[in-house]
Amino acid sequence: MRRLFKFPWRNARDIRADVDDELRFHIEERTSALVAAGLAPDAARTQALREFGDVDDARRYINALDRGTESAARRKDYLGELRQDLAYAFRKLRSSPAFTITAIVTLALGIGANAAIFSVVNGVLLRPLPYPHAEQLLKVYQANRSAGNLHASVSPLDLDDWRAQRTVFADIGGFWYSDGASGVDLTGDGDPQRLSAVFITPGFFTTLQVGAAEGRLPREDELVRGGPDKVVVLSNGFWQRQYGSSPSIVGTHITLEGAPYQVIGVMPRNFAYPSDRADVYIPYSTITDDMIPRIRPVRILDAVARMKPGVTMAAAGAELNTIAARLARQYPEDAAWGETTLVPLRDDITGNVRAALLVLLGAVAFVLLIGCVNVASLLLARAGVREREIAVRAALGAGRGRIVRQLLTESIVLSLAGGAAGVAVARAGVGALLALSAGQLPRGADVHIDGTVLLFALALSLATGLLFGLVPAVHASRAALHGTLREAGRGVAGGARRARSVLVIAEVALAVVLVVGAGLMGRSFIAIMKVDPGFRPDHLIAVNFTISTTRRPTGWQQYYHAVIDKARTVPGVISAGATKDAPFRGNGERDIFGPPGYVVKAGEDPPTARMMHVSDGYFQTIGARIAAGREFSPTDRAGGPHLILVNESFAKHWFPGEAAVGKSIDMAPAAINGKSEPAQIIGVVADIRQAAMDEPARETIYENNMVNGRVKVALVARTAGEPLAMARKLREAVWSVDKEQPITSIETFDDVVSESMARPRLLTVLLGAFGVLGLILGALGIYGVLAYLVSERQREIGVRIALGAPARSVLWMFVGRGLALTAAGLAIGLGGALMLTRLMSGVLYGVQATDPLTFAAVGSILLAVAALASWIPARRAAHVDPVEALRSD
Amino acid sequence: MPREPMDLMQGTLDVLILRTLAWGPMHGYAATRWIRERTGGTIDIEDAPLYKALHRLEHSGCVSAEWGISENNRRARYYKLTARGRQQLKAEESAWRRYAAAVFAVLEPVS
């Protein structure tokens, strides 16, 4: 039999009292029975006690036993109720499938989107790097405070000194890696290939504390000049691609840059530092002085360091600064470089996506909050329908806590179902995110749905269930308990109406914040799209390759020009030229120069500018505008005067208000090597965005590749037709000059530009989607509350209309109500957005986080949507037939 | 008390109480008196072990207890056999009967 009434649970003291009562009752009954049989009271009591036996022992025994009985019963009761609640919840949810499906889909989208973004945040920002004690790892930069450069690369010689003098560091290592620039040619194994190489110094692998997956890593003596053999370690990806993951490659020799290298090991699959695009790890010591001079001013290495256990970053920084200051005193060329900057390695790797990811996480949380509000408001509407059922339960003795628990069980079943579906959504979402981010996401390989993400989804589901379930549940239970069965109806309806109004206001406010965020991102994206990159990316294609100085120690500049000339003869090519760094594919070299009249002062570095190396015809080919003078011509050859071009930023800074063309600057300011090297400006190029669309051009000097050449080549061609169709012809043109020339890649500039826009585009798409979702959910909320209001006040409306109220005034009554709610939400939301979107400023371009236009537009859009959402139910109200309305009920 | 007879005692007490309560709900005092009168003093049972047995049976779900009012208007704890208790009684009763029959079979004089 199911108990309708239940005595409150007994605690230990209640049990003790009960046991005492029971035993006392026995003794007293027995005593009075014996007295009745003729014994004296004292004797009777004594006999009763004797017959009973050991009272204290029995009391102890029974007390202990009853406590166990009580808690077992309590547990059983609770489980029973839970089962009852669950069965009831399932029955209830099945009986209203429209509500259930709406709620589950809303929650699945909300929780799924959150889990997807969280799994990216978890993989990229939260999970430790895949190295032992990754928290000890730092990225180290040289700092030149006077030049405002705190994150400079490190000189190989300084790095050696740091390593030798370190005491609080377990190890320090360095590497030179530059996407597209640091590479070696692989020959003698199928088609010649350009491999992406990481040139490493001693200490690189030992700092990271990684081991080889196959074979071994280089020994210290193999990483310094004059080592016994040239060795190479393969990345796992390259090993797989080139050698089908065959372990037998270890120990053999391959030909890199025309020289034999022994393959000594293969890196583990998850090792992706500094990039997952690296193919091989080669000792930096194989780079000779004529390639990159080994002198202190050549700051080229990235440095990583591992602190000894227990050492703080402050202590580590102090030691490196001490060493750097010592070196600055010791070597004049280090005079300005007496400091260092330390960054935790993980922050260094993920730094530039952190802001974007956190903005996304915030936005997606808002989507879920709006979803919660919507489901809560659905539940409130249902509570109105269910008030009778709840009142009956209350009347039958269910306590308030019991009713709340029952209703909460229902919402948690809902939210868990939503969460389970959400995990499926998240799986799809993560795949889509990774595809959309197109290699722009560091640590992309670490992103997947793991235990942490599942736990997050579970916690989120439970929290969600409580969040959207609690208010309606408490509401329903309060109303049910306070009224009689009849009155309960009105009590709930009035309270629910108020609660739903509050929910709608909250929903609008949340939607406003989301839509403002999306709006700002959209404006920012448009601003980036509108940026004039300084060149025309359409019908432009680049063939990237590197000229091997090993194979071609002399005459490579003639070869370089022969290739460009050959490309110009290809049918369909309008013009062709070459550069070392194509736009978005490299940022040139940073070098010092002396402006006119520059005199070197002690302890002060000469100014620097970006140095780019271009061929004749390059600017015409990429569609850059020559603002003054001319670009290089085929007749500007070595042996003639040193000629350069500069960009407009450079010209404006150093020659304000005068013509730069014709002026000379010193390419080798006297202080460094004693002889000046004047170069004459022959032209000024309109600024070209070199690093990224959203990064303004820096002051740049263009050198003639024919005079001061570089082996890294991006051969660019403007084509008459579809540029990609020319890829094969251009490759054949290169190979017709040298059939052994390895080609790194061929790409159209439409693709390059599109890739450089991947991140803002991804953010815009996602925030836009979240914003639209928020808007729809908000509109549904307003619609729902008004539709409910109209159906509830049918009679009243009927009376008004019967008494002659014009339809228009009824219409406006409801639209006005909707707009009033919206206005309240709007005010709160705009205030919140004003505070929250400041956090976005890191991902915005060309628009302020407080952009008034966006805020105004969002306000109008929301009001328009709200007006529409209110107008539909309001129109129904206005068309109420008074006769029908009064007859019903 | 040695272990073996105690176990036997416990089992015996349990079956006695179950049988007693099969007559209907009663409080502890009534149950112990009933058993005492029924055994006619043959077995000298103290009340304490009987109470322990009552609570033990409550713990194992064979009986349920509820406070009620006694014949002379006092608050008393009433025990009632549960479905499980009824089953248990049936099982133990038949076990006891088989046991007794076996003992009697041995004791029966050879004729």
Side-chain angles (χ1 to χ4, degrees), chain A residues 1-10 14-37 44-77 79-80, chain B residues 1 6 9-10 13-14 17 20-21 25-37 39-86:
Chain A
M1 176 184 128
R2 194 170 290 170
R3 271 182 297 170
L4 283 178
F5 301 94
K6 196 177 67 214
F7 291 104
W9 294 109
R10 301 186 295 162
D14 298 338
I15 290 173
R16 205 154 48 234
D18 276 358
V19 173
D20 288 347
D21 271 6
E22 185 179 19
L23 299 185
R24 191 179 317 117
F25 170 75
H26 178 98
I27 303 294
E28 286 172 5
E29 285 292 293
R30 182 64 189 144
T31 306
S32 54
L34 289 170
V35 168
R45 187 171 171 80
T46 309
Q47 184 174 339
L49 283 171
R50 194 178 58 242
E51 282 175 6
F52 193 89
D54 192 340
V55 180
D56 288 339
D57 172 64
R59 185 183 287 127
R60 261 198 308 279
Y61 181 89
I62 293 172
N63 257 315
L65 205 57
D66 279 13
R67 276 202 291 274
T69 310
E70 185 77 12
S71 58
R74 198 183 293 204
R75 212 160 33 238
K76 201 175 140 219
D77 220 63
L79 282 176
Chain B
M1 223 183 276
M6 178 63 191
M9 269 310 264
Q10 267 195 7
L13 291 176
D14 287 0
I17 287 169
T20 308
L21 290 180
M26 57 180 84
H27 48 67
Y29 176 67
T32 57
R33 290 320 295 168
W34 201 87
I35 290 173
R36 211 177 270 273
E37 277 155 28
T39 54
T42 312
I43 317 175
D44 185 29
I45 315 175
E46 287 183 328
D47 298 318
L50 283 170
Y51 272 93
K52 288 186 188 175
L54 270 171
H55 283 262
R56 204 161 48 234
L57 287 168
E58 186 194 359
H59 185 74
S60 64
C62 289
V63 307
S64 62
E66 220 168 310
W67 287 96
I69 304 300
S70 77
E71 312 81 53
N72 45 14
N73 258 337
R74 291 199 49 185
R75 190 166 165 268
R77 202 162 193 252
Y78 278 82
Y79 294 88
K80 194 175 72 183
L81 216 54
T82 63
R84 173 192 280 210
R86 225 168 277 284

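The chains referred to below are lettered A, B, ... by the order of the sequence lines, with proteins before strands, and numbering in each begins at 1.
Two residues are said to be in side-chain contact when any heavy atoms from C-beta on lie closer than 4.5 Å; A:Glu29 and B:Asn72 meet this criterion.
Residue B:Arg33 touches chain A through its side chain alone, counting heavy-atom pairs closer than 4.5 Å. Heavy-atom distances place the side chain of B:Thr32, and not its backbone, under 4.5 Å from chain A. Contact of A:Leu23 with chain B is made through the side chain alone, with heavy-atom distances under 4.5 Å.
Most heavy-atom pairs under 4.5 Å with chain B, from the set A:Asp57, A:Val55, A:Asp54: that is A:Asp57. Ranking A:Arg50, A:Glu51, A:Glu28 against chain B, the residue ahead of the rest is A:Glu51, based on heavy-atom pairs under 4.5 Å.
Atom NZ of B:Lys52 has more than 12 neighbouring heavy atoms from other residues, nucleotides or ligands inside a 6.0 Å radius. More than 12 heavy atoms of other shown residues, nucleotides or ligands fall within 6.0 angstrom of atom CZ in B:Arg74.
The aromatic rings of B:Tyr51 and A:Phe52 are tilted relative to each other, their planes meeting at an angle between 30° and 60°.
In this structure, the side chain to side chain contact (heavy atoms under 4.5 Å, CB included) partners of B:Thr82, at least two apart in sequence or on a different chain, are B:Ser64, B:Arg84.
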